Number of protein chains: 2
Amino acid sequence: MKRLTIKDIANHFNVSISTVSKALNDSYEISVSTKEKIQRFAKENNYKPNFNALSLKSRKTKTIGIIIPNMLNYFFAQVFKGVEKVANKRGYKIISCISNESYEKEKETLEMLSNGSIDGVIVSIAEETELQNNFSHFENCIAAGIPIVMFDRVAERINCDKVITNDFDGAVNAVQHLVKTGFKNIAFISTISNLQIGRLRHQGYLKGLEKENIAIREDFIINIKEDDYKEYENVLTPIFAQKDIDAVITTDESSAIAAMKVAIRKGHTVPDNFSVIAFSNGILARHSSPKMTTVSQHGEQMGATAAEKLIDKLENNNDTHNETFIIKTDIVERKSTKSYMVVHN
Amino acid sequence: MKRLTIKDIANHFNVSISTVSKALNDSYEISVSTKEKIQRFAKENNYKPNFNALSLKSRKTKTIGIIIPNMLNYFFAQVFKGVEKVANKRGYKIISCISNESYEKEKETLEMLSNGSIDGVIVSIAEETELQNNFSHFENCIAAGIPIVMFDRVAERINCDKVITNDFDGAVNAVQHLVKTGFKNIAFISTISNLQIGRLRHQGYLKGLEKENIAIREDFIINIKEDDYKEYENVLTPIFAQKDIDAVITTDESSAIAAMKVAIRKGHTVPDNFSVIAFSNGILARHSSPKMTTVSQHGEQMGATAAEKLIDKLENNNDTHNETFIIKTDIVERKSTKSYMVVHN
DNA sequence: ATGAAAGCGCTAACAT
DNA sequence: ATGTTAGCGCTTTCAT
């Protein structure tokens, strides 16, 4: 039951532990014959150097932390996948934590991890933290020598690497796509108006309208609380009944589905006289009827980039330079919008 | 930048490191006054005992591993959430790995983790592993003193704690629900016929028919390869065209959605003359039109149970008894089936 | 080519 | 009440 150690191996061959250590590390100091027999024995007996002893000595754990606001969100799951892939490739383990959008949990997690458990951390800021605008726990972490890479939901004023989406441009493009396919009464439905990324998408929406010379209608900007997602349809129904909306851009999938249902129930045909584009690249988009056109965020690539950048920094101590990487969104055309092709015909 | 250690504190107060250690652990051996000043100093300077030193000494890491076949699967994400919640509550960290359904990856992960990184591991077996029927890596792990808890996809012959769903009964109930609401030509669509849980659901389906005195029709049993999920509709269309199927039970959400679409396209009205029940509790079920009735698996509860059981075992070394916990499924009635109520009226 | 010894940060048995 | 020491498993410098 007790795990094999170099001490055991040393005893077995009547050599010193340092000989064993060197032999296992293939040192030139050790004769080929002893290296061979020791390595073979180690292999046969499934020797594995103790992780904690190694980490204690080297002050490196080869593990990174990741703090995610909500694991049931497909986007975050994708990011996680990207991080895992890169971390695995480069020999790192991942300790993962869910903040549940809570400031306290996020803070406690960071403190728990900054005791030598991890070398660095990847984080997307909890909603509560963003609202409270209190980022000192991140500053402490960085000051303690644990590098941070933030993704998607980042804190402007924290000096660290960041991986973000071009939310603003994504919204501009979405508006222009809709206008080019014949829609002008475009509503903007946001479930994240309290988050920075929500504000950016909102601004992009406004900019898109401006570019297309469409007057802004304040009553076309619809903010919904995120947690009454079961209520989206109920919220939207009266609004759609009263207004001559013929297209929507939403900040998430659920509200896009709700909007589509309500529009269809009202008698619209999607995409012929009602179009919808949703931010996100989740599964819902691929399963709705009709399938949904999205502003896709490339979550996996964001995760991979964050991990690459973090590990680069961990393995290159003199790298003190911080960058912000912008992962471009793409409009993935499905069936909830008309395509340019059709229009050009 | 360098982290504060008890040695530093000892130097600062001109006492020995053991005094500091005892003071920080509130030992009765140390005078109240020195305890106070040392504890205050530690707190003010944000002292944190080094994780690796602690683990090396105690041979406990207070971290558990979790190996999941696919993080983009909502069910597994739910399980993860349950594990995280319990682990966090009981002071454990989680190292999470994705096997991507690969035997090699699963095996390597297990080996990587069994070097003292973790105290125990929670795992749902990769598809490839189940097909190869090769579980020696789990046996090695257990033999090395690292307890395993398996969930959902478990290996019968491995002697460890298990947390499973009553797949068989779930399918029986689904059949009976359909029959009671007036459907007799019930097809069974499986995307996981190669997995044990798939076989159990299949058998439950057969048993349900038997109980209801409905003849089995082999051509109503439809097995689809999981990875051509984009093709589900294409696969199903000709089948539905030829046969007088009026209800389906599916092993997953995606194929249920496809079945519903194909049925509707064929002219059926769901649920009036065509019903569907899907295994799973994902987001798709809540967003489809009509919303889908499911055999819900309670992923979060499964994760929580697995974590509780594993940690119980870790903290109670003489607990050598292994159990299998069955988490019951529930039929969650939504709009793709008629309800008993309607029938009884 | 091999070994002795120190040290990573901590705990705990054993002095004093 | 405080200190000394050994040891957790390993690497590495410095003998030999």
Side-chain angles (χ1 to χ4, degrees), chain A residues 1-39 41-42 45-63 113-119 144-146, chain B residues 1-39 41-42 45-63 113-119 144-146:
Chain A
M1 200 64 103
K2 190 187 159 292
R3 197 161 283 116
L4 195 68
T5 69
I6 51 172
K7 200 170 173 181
D8 300 326
I9 303 180
N11 286 339
H12 180 262
F13 287 111
N14 255 299
V15 294
S16 75
I17 58 164
S18 62
T19 301
V20 176
S21 173
K22 286 169 184 167
L24 290 173
N25 290 304
D26 225 11
S27 162
Y28 67 94
E29 292 180 277
I30 306 296
S31 75
V32 177
S33 64
T34 53
K35 276 203 282 196
E36 263 178 5
K37 71 178 181 191
I38 287 178
Q39 288 174 3
F41 182 84
N45 292 83
N46 199 24
Y47 168 78
K48 294 204 193 68
N50 179 286
F51 166 76
N52 291 117
L54 247 33
S55 299
L56 183 57
K57 191 101 237 290
S58 69
R59 293 188 167 96
K60 300 227 167 298
T61 62
K62 286 276 206 170
T63 113
L113 293 179
S114 53
N115 63 351
S117 299
I118 56 167
D119 297 340
I146 301 174
Chain B
M1 200 65 103
K2 190 185 160 293
R3 198 162 283 116
L4 194 68
T5 70
I6 50 171
K7 201 171 173 180
D8 300 326
I9 302 181
N11 286 338
H12 180 262
F13 288 110
N14 256 297
V15 295
S16 75
I17 58 164
S18 66
T19 301
V20 175
S21 174
K22 287 169 185 166
L24 291 173
N25 289 305
D26 225 11
S27 163
Y28 67 95
E29 292 181 276
I30 305 297
S31 73
V32 177
S33 63
T34 55
K35 276 203 282 197
E36 263 178 4
K37 71 179 180 189
I38 287 179
Q39 289 174 2
F41 183 83
N45 293 82
N46 199 24
Y47 168 79
K48 294 204 195 66
N50 180 287
F51 166 75
N52 292 115
L54 245 33
S55 299
L56 182 57
K57 190 102 234 294
S58 69
R59 292 187 167 98
K60 300 227 167 300
T61 61
K62 288 277 209 168
T63 111
L113 293 180
S114 53
N115 63 351
S117 298
I118 55 166
D119 297 339
I146 302 175

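Quick note on labels: first sequence line is chain A, next is B, and so on, each numbered from 1. The structure presented is a predicted model; accordingly, all values stated were derived computationally and were not measured.
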**Q** Between C:dT11, D:dG3, D:dT11, which nucleotide gets closest to the side-chain atoms of B:Leu54?
**A** C:dT11
**Q** So do the side chains of B:Thr34 and B:Phe13 get within less than 4.5 Å of each other, counting heavy atoms only?
**A** no
**Q** When all nucleic acid strands are considered with a 4.0 Å heavy-atom cut-off, which category describes B:Phe51: base, sugar-phosphate, or nothing?
**A** nothing
**Q** Do B:Lys7 and C:dG7 have a side chain to base donor-acceptor pair shorter than 3.5 Å?
**A** no
**Q** Please pick, from D:dT2, D:dG9, C:dT2, the nucleotide with the shortest atom-to-atom distance to any side-chain atom of B:Leu56.
**A** D:dG9
**Q** From the set C:dC8, D:dC10, D:dC14, return the single nucleotide nearest to any side-chain atom of A:Asn50.
**A**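 The answer is D:dC10, which lies nearest to the side chain.
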**Q** On the nucleotide D:dC10, are OP1 or OP2 found under 4.0 Å from the side-chain N or O atoms that A:Tyr47 carries?
**A** yes
**Q** How would you label the contact of B:Asn52 with the nucleic acid (heavy atoms, under 4.0 Å): base, sugar-phosphate, or nothing?
**A** nothing
**Q** Considering only C:dT11, D:dC14, D:dG3, which nucleotide approaches the side chain of B:Lys22 most closely?
**A**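 That would be D:dG3.
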**Q** What nucleotide among C:dA4, D:dA1, C:dG9 has an atom nearest to a side-chain atom of B:Ser31?
**A**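 Selected nucleotide: D:dA1.
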**Q** Without decimals, in angstroms, what is the distance between A:Ile9 CD1 and D:dC10 P?
**A**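 To the nearest whole Å, that distance equals 8 Å.
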**Q** Any side-chain N or O of A:Ser21 below 4.0 angstrom from OP1/OP2 of D:dT11?
**A** yes
**Q** Given D:dT4, D:dC10, C:dC10, which nucleotide is nearest the side-chain atoms of B:Thr5?
**A** C:dC10
**Q** Answer yes or no: does a side-chain N or O of A:Ser58 lie under 4.0 Å from OP1 or OP2 of D:dC10?
**A** no
**Q** Think B:Arg3 has a side-chain N or O under 4.0 angstrom from the OP1 or OP2 of C:dC8?
**A** no
**Q** Less than 4.5 Å apart, side chain to side chain, heavy atoms only: is that true for B:Asn46 and B:Leu4?
**A**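 Result no, sub-4.5 Å side-chain heavy-atom pair not found.
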**Q** Less than 4.5 Å apart, any side-chain heavy atom of A:Phe51 and any of B:Asn52?
**A**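 Counting from C-beta outward, A:Phe51 and B:Asn52 do come under 4.5 Å.
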**Q** So what does A:Thr34 touch, heavy atoms closer than 4.0 Å: a base, only the sugar-phosphate, or nothing?
**A**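 Sugar-phosphate, no base atom in range.
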**Q** When you measure only distances, ignoring hydrogens and angles, does the side chain of A:Lys48 come within 3.5 Å of the base of D:dG9 through a donor and an acceptor?
**A**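 Looking at the base of D:dG9, it does not pair with any donor or acceptor on the side chain of A:Lys48 (distance under 3.5 Å).
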**Q** Could you pull out all residues at least two apart from A:Glu36 that satisfy salt bridge (Lys or Arg N to Asp or Glu O under 4.0 Å)?
**A** none
**Q** So which nucleotide from C:dT11, C:dG3, D:dT12 ends up closest to the side chain of B:Ile17?
**A** C:dT11
**Q** At under 4.0 Å, does any side-chain N or O of A:Thr19 touch on OP1 or OP2 of C:dG3?
**A**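 It does, given that an N or O in the side chain of A:Thr19 lies less than 4.0 Å from OP1 or OP2 of C:dG3.
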**Q** Can you confirm whether A:Thr5 sits close enough to A:Asn50 that some side-chain heavy atom of one is under 4.5 Å from a side-chain heavy atom of the other?
**A**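 The answer is no, as the side chains (C-beta and beyond) never meet within the 4.5 Å cut-off.
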**Q** Ignoring hydrogens and geometry beyond distance, is the side chain of B:Ser16 in donor-acceptor contact with the base of D:dT2 at under 3.5 Å?
**A** no
